[in-house]
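The structure appears right after this line, and notes come after that.
In this text, all values refer to a predicted model and were calculated from it rather than measured experimentally.
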Amino acid sequence: NSQYGIKFDDGIGSINNIITYNDVNNNGQYGVYIPYKHHRENNDNTFHHNNLIGNSLGNAYDECNNDWDDGVSEGNYWDDYVGPGPYEIPGGANKDNYPLANPV
């Protein structure tokens, strides 16, 4: 219930974080927002087993290179996923290869 549920800083850079088991709901813009600005990268972060529901502009926006699943068989729950196939994340070439059918 904020502007962004999770927003990575666009001035410092965030690398090698693991973000799991969060409810990211009802935000005014994006549930997760990851910008690439001023040559600061927010790369190599892993998101899985999160619930992304009801975020106004979209559940996620990622301009960097991050993993949106556990790399094996499970990703995140997206309330706007219509399947089949991966969940495409706007902003770059990121996708959740294993979107979940039900919230965790």
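- Between the side chain of N76 and the main chain of N50, a donor-acceptor pair closer than 3.5 Å is present.
- Scanning all heavy atoms of the two residues, the minimum distance from C64 to P35 falls at SG-O, 3.5 Å.
- Of all the heavy atoms in P90 and A60, the pair that sits closest is CD-O, 3.4 Å.
- Side chains of N97 and D69: a donor-acceptor N/O pair is present below 3.5 angstrom, by distance only.
- Residues Y87 and D80 meet the side-chain proximity criterion, which asks for heavy atoms closer than 4.5 Å.
- Rounded to the nearest 0.5 Å, atoms CG (N22) and CZ (F47) are 9.0 Å apart.
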Worked verdict on Y36 versus N43 for side-chain hydrogen bond (donor to acceptor under 3.5 Å, both in side chains)
CA-CA 9 Å; Y36 175 87; N43 291 326; over 6 Å; no
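- Considering every non-hydrogen atom in both S56 and G28, the closest pair reads CB-O, 3.1 Å.
- With sequence neighbours excluded, the residues satisfying ring-ring contact (aromatic ring centres under 6.0 Å, His included) with Y33 are Y4, Y30, Y61.
- At a threshold of 4.5 Å between side-chain heavy atoms, the hydrophobic network of Ile, Leu, Val, Met, Phe, Trp and Tyr places I6 and I89 in one connected group.
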Take D70 and T46, measure what side chain to side chain contact (heavy atoms under 4.5 Å, CB included) needs, and give me the verdict at the end.
CA-CA 7 Å; D70 65 2; T46 302; 5.9 Å; no
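- Distance check: K7 NZ to I34 CD1 gives 12.0 Å after rounding to the nearest 0.5 Å.
- Under the side chain to side chain donor-acceptor pair (under 3.5 Å) test applied with D96, the options W68, W78, Y77 reduce to a single match, W78.
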Checking F8 against I19 for the side chain to side chain contact (heavy atoms under 4.5 Å, CB included) test, could you report, in this order, the C-alpha distance in whole Å, the side-chain angles of both residues, the deciding distance, and whether it holds?
CA-CA 12 Å; F8 279 28; I19 296 89; 3.9 Å; yes
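- Once rounded to the nearest 0.5 Å, the distance linking CG of D79 with CG of N55 reads 7.5 Å.
- Results of the side chain to side chain donor-acceptor pair (under 3.5 Å) test with N45 over D62, N17, N16, N65 single out N17 as the only residue that passes.
- At a cut-off of 3.5 Å, with distance as the only test, no side-chain donor of H48 or E74 sits close to an acceptor on the other residue.
- The structure places CG of D23 at 9.0 Å from CG of L52, a figure rounded to the nearest 0.5 Å.
- Each of I53 and Y98 belongs to its own hydrophobic cluster when Ile, Leu, Val, Met, Phe, Trp and Tyr are linked at side-chain heavy-atom distances under 4.5 angstrom.
- If you take CG on N42 and OG on S14, they are separated by 5.0 Å, rounding to the nearest 0.5 Å.
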